[in-house]
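Chain identifiers are assigned alphabetically (A, B, ...) following the order of the sequence lines, protein sequences preceding nucleic acid strands; residue numbering begins at 1 within each chain. Side chains are part of it too, since the values below use all heavy atoms of this structure and drop only hydrogens, waters and symmetry mates.
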2 protein chains.
Amino acid sequence: MAASDYPKPSVTVDVVIITLRAEELQVLLVKRDLAPYKGRWAVPGGFVHLDESLETAARRELHEETGVADVYLEQLYTFGDPGRDPRGRVISVAYIALVPAPLTVEAGSDAREARWWSLSKLPPLAFDHDKMVQLALTRLRYKIEYSAVGFRLLPECFTLSELQKAYEIILGEPLDKRNFRRRIMEAEVIEPTDDIRAGEGRPARLYRFRRDAVAEVKARRLFP
Amino acid sequence: MAASDYPKPSVTVDVVIITLRAEELQVLLVKRDLAPYKGRWAVPGGFVHLDESLETAARRELHEETGVADVYLEQLYTFGDPGRDPRGRVISVAYIALVPAPLTVEAGSDAREARWWSLSKLPPLAFDHDKMVQLALTRLRYKIEYSAVGFRLLPECFTLSELQKAYEIILGEPLDKRNFRRRIMEAEVIEPTDDIRAGEGRPARLYRFRRDAVAEVKARRLFP
DNA sequence: TCAAAAGTGTTTGTGGTACACCCATGG
DNA sequence: CCATGGGTGTACCACAAACACTTTTGA
């Protein structure tokens, strides 16, 4: 019953890379230039090297596609149904990555075509990647409510209005300005910077996320 | 870049089987009778067959160890650091299973020794299984607060006192009897049966979990 | 001086928490 | 009739939600 007695599946990592662009949530997809599903859009990913951890593999893929390094990355789910890949048994460990808003991707190291897609208007996807993207979205919506991952979709500095707007987009509902500001200040997860952003109308103070913030809240209990 | 160009890791599933026994949370461990870590206790698991899904493999392991079939099973996390198994690269997809309270295990199909261990008094574990068990416990505590998975640790019929006791054990804190009863009835997740359990003192009505119950509550928002 | 966005408190309602006594049965 | 666990209602407090006007700048 040693490991080598069994035929082995292949193992890949796929990274659902999500950002906030053009007032909506978008996901980065690549066009496959090889069979199977040649020409279809897919979540970027690749085989795990034998000497790297799963997270390292995910960061490598992420870096190859976007050039960014220090971003939020979390394991999402492992997909392993037989038959999900026509090449044979392939088990895929999916990750979710959140990258800051104004990221111009273009020019991954591959020649593959890559572009952002609105999460509400996705093309047909290769493999079981539609399930993967849906799960990532569910998890993000869920997690954003009780933790501070939302900040990982914003640039380092932002105004309170931009922050509120981001939350409205992610949650899909409008929020009250005064309640939002009060609560976010009470939560002590952001701190003011010395900078001001001018634009149309009155200039706004810029804030940044406090890295030391304890940004999790206990869930409301179903029955205490 | 075909799948076969890469050397492949082995893939296993491990199942953290949790139950409620002797007024505490316990986990089922097996004593390894082969190297590596021969003689150490470990989370039950095994290699994934090429023609079965990950969940099927997990249910197979679960059934081999406990004989039970229809229990709560959920994917927990995939552990894949190189070096976590001295035999070579082994990636393990961990599942968490909740089995109903009065389960007498004994006599798995293997000859391996298996027994329940209190989660607060674990022996040294093989591989990275200590991390695995800790993660399972964290997830259970967390999940129990906003969903109804707690019922999966109870037999089909139970009294309200038994249910409250179970919640107190899982959450690790005492609960108020009247508040608990009011809230659980309002949640409409259980229904009374026609049966009564007699014992010492006044007999208690038996309840059962409503399978149709929508038993998730929205998390309290960090900032709305 | 006007347009545009930033910023700022109070009131009201709901839900969470704390708390003590009577009831039904078996021995 | 007594011991044991089962079952029930109310009062207070804290936090969430609703709501409108003043301020600062650039054009």
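- Ion pairing between B/E55 and B/R59 holds under the 4.0 Å rule for side-chain N and carboxylate O.
- Other residues, nucleotides and ligands place no more than 12 heavy atoms under 6.0 Å from the CD atom of A/E156.
- Here D/dT23 presents its C1' atom at 13 Å from CD1 of A/I196, a figure rounded to the nearest Å.
- To the nearest angstrom, C1' of D/dA18 lies 14 Å from CG of A/L175.
- Per the geometry, CG belonging to A/L171 stands 12 Å off P belonging to D/dA17, to the nearest Å.
- Between A/W116 and A/L29 the shortest side-chain heavy-atom distance does not fall below 4.5 Å.
- Every side chain to side chain donor-acceptor pair (under 3.5 Å) that B/T56 has, sequence neighbours left out, goes to B/S53.
- Nucleotide D/dA14 holds its C1' atom 12 Å from the CZ atom of A/R183, rounded to whole Å.
- How far CH2 of A/W41 is from NE2 of A/H129: 14.0 Å, rounded to the nearest 0.5 Å.
- Atom CZ of B/F180 is separated from atom C1' of C/dG16 by 16 Å (rounded to the nearest Å).
- Note: CD (B/E173) to C1' (C/dT17) measures 13 Å, nearest angstrom.
- Checked against a 6.0 Å centroid threshold, the rings of A/F127 and A/Y37 count as neighbours.
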Quiz item: How does each nucleotide of nucleotides 1-10 of chain C score, in 5' to 3' order, for protein heavy atoms under 4.0 Å: base (B), sugar-phosphate only (S), or none (-)?
Solution: ---BBBBBBB

